[in-house]
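Owing to the predicted nature of the structure, the values given are computational and were not obtained by experimental measurement. All residue numbers refer to positions in the sequence shown, counting from 1. For ligands, and for the atoms within them, numbers begin at 1 and follow the listed sequence.
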Amino acid sequence: MDINRIAPINIAEYQNLFLLTGAGISVASGLSTYRGPGGLWEKADVARIADAANLPGTLPDLWRLYKMRRAQALAAEPNAAHRAIAELQRRWGNIHRVTLVTQNVDGLHQRAGSIEVLEMHGSAFRTRCLDRRCSLEPFRDENLYDQVPACPVCGGPLRPDVVLFSETIPGRVLNRILQELSTCDLFVSAGTSGVVTPAAEFVRGAAYAGARTININIEPTDPPNPFFTEEFVGKAEEVLPRLFGLG
Ligand code: OAD
């Protein structure tokens, strides 16, 4: 699509902005998506490793996977899409509500300068005790472990603080998201296939709230999702700066 033909949004017209991002937004930073050719879920055994139902036996493999994901994300730099969102928050965050929800665990929004990021699938850079009853608080962690690390409190195994298959979104994060959705008047989704719930259903919540709803993806949604009022088929790193009037 011709980016120059996109009319920038008049942000001043909106009070409560809700932004949802997925793996596609980090492709220009060199990270791969989950689905599609070369996607993470295509790699041998990854779906089994990333399923909490197979813990604790899969912990060595899970840490091998997250050693790789941490290393890749640390080597990557935020791109124009991350920067556009951070700039939108900087410019408008004091005047309007700007809620940023990401399904990504790569930390690139924060590194681009985004102030508050609701990480609904957790963070590759946080570690917690496998035992939920342990008093250890999840902690920031960039270590590239070769072995399963031990909990300093209870001695049990630690795990990455990400949401795996068979697990649910932390209630505190989900409640906050649903609250913001119910009052948003502009909803922008970028770089997500929209097939994983509950994020896939957020647009419906926004539409029910009466919001203008925009989808950005390099592929048109198939079949079309009637809850989106507009769809921009293009790269998030090109469309977002233009749409926010920053490029
Ligand atoms: P997916 O891999 O499902 O989808 C990525 C989307 O990004 C695809 O629809 C691509 O067409 C699109 N895309 C690729 N490059 C793009 C670009 N430059 N600009 C815009 N769009 C682009 O990733 P998610 O939708 O994020 O959950 O996946 C959602 C969840 O499914 C993930 O968080 C993960 C996975 O299972 C957990 O691990 C819990």
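Residue-ligand proximity, Glu219 to ligand 1, at heavy-atom distances under 4.0 Å covers atoms 11 (O). Those atoms of ligand 1 with a heavy atom of Gln103 less than 4.0 angstrom away are 29 (C), 30 (C), 33 (O). Taking every non-hydrogen atom of Ala236 and a distance limit under 4.0 Å, the qualifying atoms of ligand 1 come out as 17 (C), 19 (N), 20 (C). Every atom of ligand 1 with a heavy atom of Gly22 under 4.0 Å away is listed here by number and element: 26 (O). Contact atoms of ligand 1 toward Ala23: 23 (O), 24 (P), 26 (O) (distance under 4.0 Å to a heavy atom of the residue).
The protein non-hydrogen atom at the shortest distance from atom 38 (O) of ligand 1 is Trp41 CZ2, 3.8 Å. With respect to atom 16 (C) of ligand 1, the closest heavy atom belonging to the protein is Gly24 O, 3.4 Å. When only non-hydrogen protein atoms are considered, atom 18 (N) of ligand 1 lies nearest to Glu237 OE1, 3.1 Å. What sits closest to atom 37 (C) of ligand 1 on the protein, heavy atoms only, is His121 ND1, 3.7 Å. Distance from atom 9 (O) of ligand 1 to its nearest protein heavy atom, with residue and atom name: Asn217 ND2, 2.9 Å. Nearest non-hydrogen protein atom to atom 30 (C) of ligand 1 is Val196 CG2, 3.7 Å. Residue, atom and distance of the protein heavy atom nearest to atom 6 (C) of ligand 1 are Gly191 O, 3.5 Å. If you check which protein heavy atom lies closest to atom 28 (O) of ligand 1, you get Arg35 NH1, 3.3 Å.
Note on Glu167 versus Arg159: salt bridge recorded, some NZ/NE/NH1/NH2 to OD/OE distance being below 4.0 Å. With salt bridges taken as basic N to acidic carboxylate O contacts below 4.0 Å, none links Arg83 and Glu87. The pair Arg35-Glu42 fails the salt-bridge criterion, with no side-chain N (NZ, NE, NH1 or NH2) lying under 4.0 Å from an Asp/Glu carboxylate O.
Across the listed options Val27, Thr33, Thr192, Thr192 owns the non-hydrogen atom lying nearest to atom 24 (P) of ligand 1. Of all the listed residues (Thr102, Ile218, Asn79), Ile218 holds the heavy atom that lies closest to atom 14 (C) of ligand 1.
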Q: Using the side-chain hydrogen bond (donor to acceptor under 3.5 Å, both in side chains) rule, take Ser26 and His82 through it: C-alpha gap first, then chi angles, then the decisive distance, then the call.
A: CA-CA 8 Å; Ser26 296; His82 302 104; 3.2 Å; yes
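Sorted by first then second residue, the ring-ring contact (aromatic ring centres under 6.0 Å, His included) pairs that include residues 122-158, not counting sequence neighbours, are Trp63-Tyr145.
For the pairing with Arg212, the side chain to side chain contact (heavy atoms under 4.5 Å, CB included) check across Tyr14, Phe228, Phe187 returns one residue only, Tyr14.
Here the side chain of Asn215 pairs no donor or acceptor atom with the backbone of Glu230 at under 3.5 angstrom.
Looking at Leu186 and Ile9, their side chains come closer than 4.5 Å, going by heavy atoms from C-beta outward. Put simply, the side chain of Ile214 reaches to within 4.5 Å of the side chain of Phe232, judged on heavy atoms.
Membership of the apolar cluster around Leu31 extends to Leu108, as traced through chained side-chain contacts below 4.5 Å between ILVMFWY residues.
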